[in-house]
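Report on the structure given below.
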Amino acid sequence: MTSLVRDPATEEVIASVELASVDRADAAIARAHAAFPAWRAVAPADRARLLRRFADAVDADLENLAGIEVRNAGHTIGNARWEAGNVRDVLHYFAAAPERLLGHQIPAPGGVAVTFHEPLGVVGIIAPWNFPMPIAAWGFAPALAAGNTVVLKPAEATPLTALRLAELAREAGIPEDVFQVLPGAGAVVGQRFVTNPLVRKVVFTGSTEVGKLVMAGCADQVKRVTLELGGNSANVVFADADLERAAAAAPMAVFDNAGQDCCARSRILVQRSVYDRFLELLEPAVQAVVVGPPADEATQMGPLITAEHRARVESYVDDKWVAFRGSAPEGRGYWFPPTVLAGVPADHPAVTDEVFGPVVAVLPFDDEADAVAQANDTEYGLSGSIWTRDAGRALRVARGIDAGNLSVNSHSSVRYWTPFGGFKQSGLGRELGPDALAGFTDVKTVFLSTEG
């Protein structure tokens with residue numbers, strides 16, 4: 001069975017990719033399992049050296065990878081370059097891990113206890129279509145560094161950069177069976193990661209609904225999981241904030257990658273006393289967002305991923321709540337204009353759901369307590385922003401909001417050297433940062449008797 005890969009900006013078919021069957025998935029998993037003992041036995045310095053070579057290969061191929069992503073995912077060229085660079089940087093960061101995978105020496109009567117971080121075995125990674133390159137690397141880089149073997153399933157719509165990364169890994173000297181990319185349907189390959197007992201961990205990024213199914217399936221084998229799921233993040237703007245700066249920054253906090261970002265600040269909560277003024281400042285900032293061909297250096301926002309997804313996003317927009325919109329190209333391509341809703345009721349689906357598109361709702365709040373209550377009025381808890389000049393307020397509100405990643409006077413969510421993950425139904429576990437290796441290892445305690 002094959003899948004046609006389309007350019008979201010033109011609807012043109014750009015590739016045909018063979019999708020794996022259950023038998024082929026099992027064969028790939030079996031090869032990864034067979035390769036595991038030799039890979040875990042590679043000296044830490046040598047494993048680190050291979051990962052650095054992989055990073056260098058990605059860097060040398062950065063423009064090519066970015067160009068593939070522009071056509072495959074509709075990402076702007078600027079974003080695509082950053083994404084390929086993030087893969088490089090994540091590989092370099094975790095290349096330092098094999099030689100620093102430290103345990104503890106724990107005093108014990110009659111001897112000494114030491115701990116080791118042992119790799120799990122085969123790790124199955126299910127990557128999403130919204131950020132195909134970096135999110136895949138957030139899984140495979142620490143997994144490989146810890147001594148695991150990896151089978152990566154890219155999203156059906158966006159497999160091309162993952163396939164190229166597998167080629168680069170082989171060129172860097174990483175054995176073919178240690179890191180495999182296996183395009184396939186989620187219900188086939190992804191499900192086999194869950195049910196095949198040779199897979200010892202599943203890393204899944206995607207919807208909360210599917211994440212629950214992955215978690216339930218893995219529970220049958222007490223299989224480890226990392227889940228990075230949906231988001232409905234709040235951008236909280238207090239009256240004492242620099243309103244001009246907050247309004248100027250707000251559009252790309254939700255419209256970047258056409259809103260197809262689980263960290264998108266799709267709810268802007270504005271203190272009531274400055275609500276009208278903020279909307280006045282926001283309108284020209286939204287209308288200035290350049291939506292157009294992703295390969296154009298000036299473009300800030302590209303198309304949505306598919307016609308089906310565009311129809312889903314459109315279903316959230318009722319014209320009676322539209323305050324203003326930006327522009328978008330007409331004709332072929334899955335285009336949708338940046339859209340701002342105001343006056344919308346708090347129980348409207350555009351407020352309560354993860355829209356995953358370039359739509360943002362602006363809602364008023366009264367005080368700190370109301371801001372925190374509204375920010376937390378969601379089953380999600382991935383990210384968010386707080387705009388204020390009061391450092392004490394910033395810390396109080398940040399501690400009060402149930403989310404894994406908060407920024408003050410900023411919309412930053414992801415840094416490869418800090419932990420990333422969500423509260424509540426936004427996920428389970430943490431990726432990136434110094435603790436990521438713990439998610440790909442088991443702790444073993446060894447007691448050495450000194451008596452006699």
Side-chain angles (χ1 to χ4, degrees), residues 138 205 208 226-256 259 261-275 277-278 281-282 285 346 351-355 360-436 438-439:
W138 302 352
T205 300
T208 297
T226 294
L227 303 175
E228 199 271 277
L229 308 176
N232 187 11
S233 301
N235 175 11
V236 183
V237 181
F238 284 92
D240 71 334
D242 182 335
L243 293 185
E244 287 77 10
R245 185 176 164 217
M252 296 314 294
V254 65
F255 303 141
D256 188 43
D261 182 352
C262 48
C263 292
R265 274 60 167 177
S266 54
R267 295 178 296 147
I268 305 178
L269 310 180
V270 183
Q271 197 154 19
R272 197 175 301 275
S273 61
V274 295
Y275 181 84
R277 176 57 180 157
F278 183 85
L281 294 168
L282 182 63
V351 177
T352 61
D353 296 357
E354 183 183 37
V355 177
V360 63
V362 187
L363 303 103
F365 69 86
D366 294 313
D367 53 23
E368 281 187 30
D370 188 28
V372 171
Q374 289 194 49
N376 288 340
D377 189 19
T378 173
E379 287 303 311
Y380 299 110
L382 186 58
S383 196
S385 300
I386 301 155
W387 291 79
T388 177
R389 288 186 170 97
D390 185 330
R393 168 180 286 152
L395 287 174
R396 286 192 302 272
V397 174
R399 293 300 300 272
I401 293 177
D402 297 329
N405 309 271
L406 278 302
S407 293
V408 177
N409 298 329
S410 160
H411 295 302
S412 172
S413 292
V414 177
R415 294 158 297 276
Y416 59 81
W417 57 93
T418 61
F420 177 76
F423 284 21
K424 301 189 287 188
Q425 293 192 32
S426 281
L428 182 70
R430 291 295 180 269
E431 298 177 300
L432 303 174
D435 301 324

Is it the case that the side chain of Asn376 and the backbone of Gly400 share a donor-acceptor pair, with hydrogens and angles ignored and the cut-off at 3.5 Å? yes

Run the side chain to side chain contact (heavy atoms under 4.5 Å, CB included) check on Ser426 and Glu354 step by step: do they pass? CA-CA 11 Å; Ser426 281; Glu354 183 183 37; over 6 Å; no

Tell me, do Asn409 and Arg245 make a side-chain contact under 4.5 Å, heavy atoms counted? yes

Walk me through whether Lys424 and Asp402 qualify under side chain to side chain contact (heavy atoms under 4.5 Å, CB included). CA-CA 8 Å; Lys424 301 189 287 188; Asp402 297 329; 4.1 Å; yes

Would you say that Glu244 contacts Leu281 through its side chain, given a criterion of any heavy-atom pair below 4.5 Å between the two side chains? yes

Report the distance from atom CG of Leu382 to atom CZ of Phe423, rounding to the nearest 0.5 Å. 10.5 Å

Between Leu269 and Val237, is the side chain to side chain contact (heavy atoms under 4.5 Å, CB included) condition met? List the steps. CA-CA 6 Å; Leu269 310 180; Val237 181; over 6 Å; no

Heavy-atom distance under 4.5 Å between the side chains of Arg267 and Val254, does that happen here? no

Got Ile268 and Leu363 here, is their nearest side-chain heavy-atom distance under 4.5 Å? no

Taking atom types as modelled, find out whether Ser385 and Arg265 have a side-chain donor-acceptor pair closer than 3.5 angstrom. yes

Looking at Asp435 and Arg430, does any basic side-chain N land under 4.0 Å from a carboxylate oxygen? no

Between Asp366 and Arg272, is there a donor-acceptor pair closer than 3.5 Å when you use the side chain of the first and the backbone of the second? no

Is any side-chain heavy atom of Leu428 closer than 4.5 Å to a side-chain heavy atom of Thr226? no

Give a yes or no answer on whether the side chain of Gln271 reaches the backbone of Pro364 with a donor-acceptor pair at less than 3.5 Å. no

For the atom pair CG (Leu229) and CD (Glu379), what is the distance rounded to the nearest 0.5 Å? 12.5 Å

Min side-chain heavy-atom separation Leu243-Val274 under 4.5 Å: yes

Could you tell me whether the side chains of Ser266 and Asn232 share a donor-acceptor contact shorter than 3.5 Å? yes

Basic-acidic side-chain contact under 4.0 Å: Arg393, Asp240: yes

For residues Val397 and Glu368, determine if any side-chain heavy atom of one lies less than 4.5 Å from a side-chain heavy atom of the other. yes

Does anything in residues 233-256 form a ring-ring contact (aromatic ring centres under 6.0 Å, His included)? List the pairs, not counting sequence neighbours. Phe238-Phe365

Tell me the ring-ring contact (aromatic ring centres under 6.0 Å, His included) pairs involving residues 368-407, sequence neighbours left out? Trp387-His411

Is Asp353 reaching over with its side chain to a backbone N or O of Val355, donor-acceptor style, under 3.5 angstrom? no

Looking only at side chains, do Ser413 and Ser383 share a donor and an acceptor under 3.5 Å apart? yes

Is any side-chain heavy atom of Val236 closer than 4.5 Å to one of Ile401? yes

